[in-house]
Amino acid sequence: MINLVKMDVQRLIRSRNFYIILAVTAGLLMMLVCLVATVADPETMDAMQAQGADITGDDLEMSQHIHNMSSLDFVHECLNSGFLLIITGIGMSIHVSGDFSSGYIKNICFARPRRRDYVISKILLAGVYSAAVTAVGVVFALVSSGLFGLHPVASPILSILQYTFWRWLPSWAVGLMALSLAAMTRSSVLGITLAVLSGGGVIAELVSLVCQRLHWPALEQYLLSSLARMQRIPLPDARQMTLILGCSIGWAAVYTVVSLLSMEKRDI
């Protein structure tokens, strides 16, 4: 199993798609921080007001709030939209679907039957992939603030690391969801589609509407996208921790079952 994990990590490092995903993550964050810095710049607001734009007290208060943020608060504001979930799901869907098209999975699971090792290695690979995307997101959110003239108050390193860990686990769970869909459909299309819908909050909004119409409890609060948005800093509360861990373990179990069942077919 250790050899398979090493092989997967090496394939990941040599994969061009992996670096494209990291570059997209960094680029989107820098664009977001640039936009925030522009909105929060007093000179920009004065120029907009001089051109006839309606600048209210709420706009000025928001600008002041951005400048008074701690670095951890700023990172949270940049990352709580759920786009890390989307990026991880898309990346894992593309990477794992290649196992079927390249014949890699056939060689591992039939030429040398090691199905259980393959499943475990993929679960660990999803952890490595999501950790890389999360780390790039946190680092570029911190670095970009200084590049664009924002200087949030420094937060303790331990708090940032704790936040990063609990931001990473939901991304890992989405990566495991993408693995499950890739194993079931042998394609990246469904994984990418659901990663976008789930990470973007569309599914949570639909579930919320259904629950309101049927007078059910608010089930959308248990979805990963909602957990990512409502996560407290630097640590989630006990309920959120339980839900995040439950989602991660649950998707790992789903992927294990789906993958082992799909690999019973010899036409993979």
Transitive ILVMFWY side-chain link [X] to [Y], under 4.5 Å:
{"X": "Leu124", "Y": "Leu245", "result": "yes"}
{"X": "Trp216", "Y": "Leu243", "result": "yes"}
{"X": "Ile249", "Y": "Ile123", "result": "no"}
{"X": "Ile160", "Y": "Leu147", "result": "yes"}
{"X": "Leu209", "Y": "Ile203", "result": "no"}

Whichever hydrophobic residues join Ile157 through chains of side-chain contacts under 4.5 Å: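 ILVMFWY cluster around Ile157 also holds Leu161.
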
Tell me, which pairs form a side chain to side chain donor-acceptor pair (under 3.5 Å) where one or both residues lie in residues 192-210, sequence neighbours left out?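 Sorted result for residues 192-210: Ser208-Gln212.
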
What's the spacing between [X] [atom1] and [Y] [atom2] if we round to 0.5 Å?
{"X": "Ile86", "Y": "Leu197", "atom1": "CD1", "atom2": "CG", "answer": "9.0 Å"}
{"X": "Ile90", "Y": "His95", "atom1": "CD1", "atom2": "NE2", "answer": "15.5 Å"}
{"X": "Met241", "Y": "Leu169", "atom1": "CE", "atom2": "CG", "answer": "10.0 Å"}

If you compare all heavy atoms of [X] against all heavy atoms of [Y], which two are closest, and at what distance to 0.1 Å?
{"X": "Val207", "Y": "Glu220", "result": "CG1-N, 3.8 Å"}
{"X": "Leu84", "Y": "Gly137", "result": "CD2-CA, 4.4 Å"}
{"X": "Lys122", "Y": "Leu179", "result": "O-CD1, 3.4 Å"}
{"X": "Cys211", "Y": "Pro217", "result": "SG-O, 3.4 Å"}
{"X": "Gly89", "Y": "Ala178", "result": "O-CB, 3.6 Å"}

Any side-chain donor near an acceptor of the partner, Ser155 and Ser71, under 3.5 Å: yes

Val189, Leu194, Ile192 screened by side chain to side chain contact (heavy atoms under 4.5 Å, CB included) with Leu181, the one that passes: Leu194

Can you give me every donor-acceptor pair (side chain of residues 13-32, partner residue at least two apart or in another chain, under 3.5 Å) with its distance?
from, atom 1, to, atom 2, distance (Å)
Ser15, OG, Asn17, N, 3.4
Tyr19, OH, Ile13, O, 2.8
Thr25, OG1, Ile21, O, 2.9

Carefully, step by step, assess Met69 and Leu150 under the rule side chain to side chain contact (heavy atoms under 4.5 Å, CB included). CA-CA 10 Å; Met69 279 183 177; Leu150 296 174; over 6 Å; no

Output every pair passing ring-ring contact (aromatic ring centres under 6.0 Å, His included) with a member in residues 156-214, not counting sequence neighbours, ordered by first then second residue.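 Sorted result for residues 156-214: His76-Tyr163, Phe165-Trp168, Trp168-Trp172.
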
Quick one: which residue pairs count as a ring-ring contact (aromatic ring centres under 6.0 Å, His included) with a foot in residues 185-211, not counting sequence neighbours?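 Of all non-adjacent pairs touching residues 185-211, none passes ring-ring contact (aromatic ring centres under 6.0 Å, His included).
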
For Asp237, enumerate each residue passing the salt bridge (Lys or Arg N to Asp or Glu O under 4.0 Å) test, keeping only those at least two apart in sequence or located in another chain.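 Scan of Asp237 (salt bridge (Lys or Arg N to Asp or Glu O under 4.0 Å), adjacent residues dropped) gives Arg232.
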
Look at the side chain of Ser145 and the backbone N and O of Leu142, then say whether any donor-acceptor pair between them is shorter than 3.5 Å. yes

Can you check whether Leu85's main-chain N or O pairs, donor with acceptor, with Thr88's side chain at less than 3.5 Å? no

Any Asn80 side-chain heavy atom under 4.5 Å of Arg167 side chain: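 Yes, side chains in contact.
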
Let me see the working for Leu176 and Val254 under side chain to side chain contact (heavy atoms under 4.5 Å, CB included), right down to the final yes or no. CA-CA 8 Å; Leu176 293 170; Val254 169; over 6 Å; no

Side chain to side chain contact (heavy atoms under 4.5 Å, CB included) between Phe140 and Val33, worked out: CA-CA 9 Å; Phe140 271 84; Val33 174; over 6 Å; no

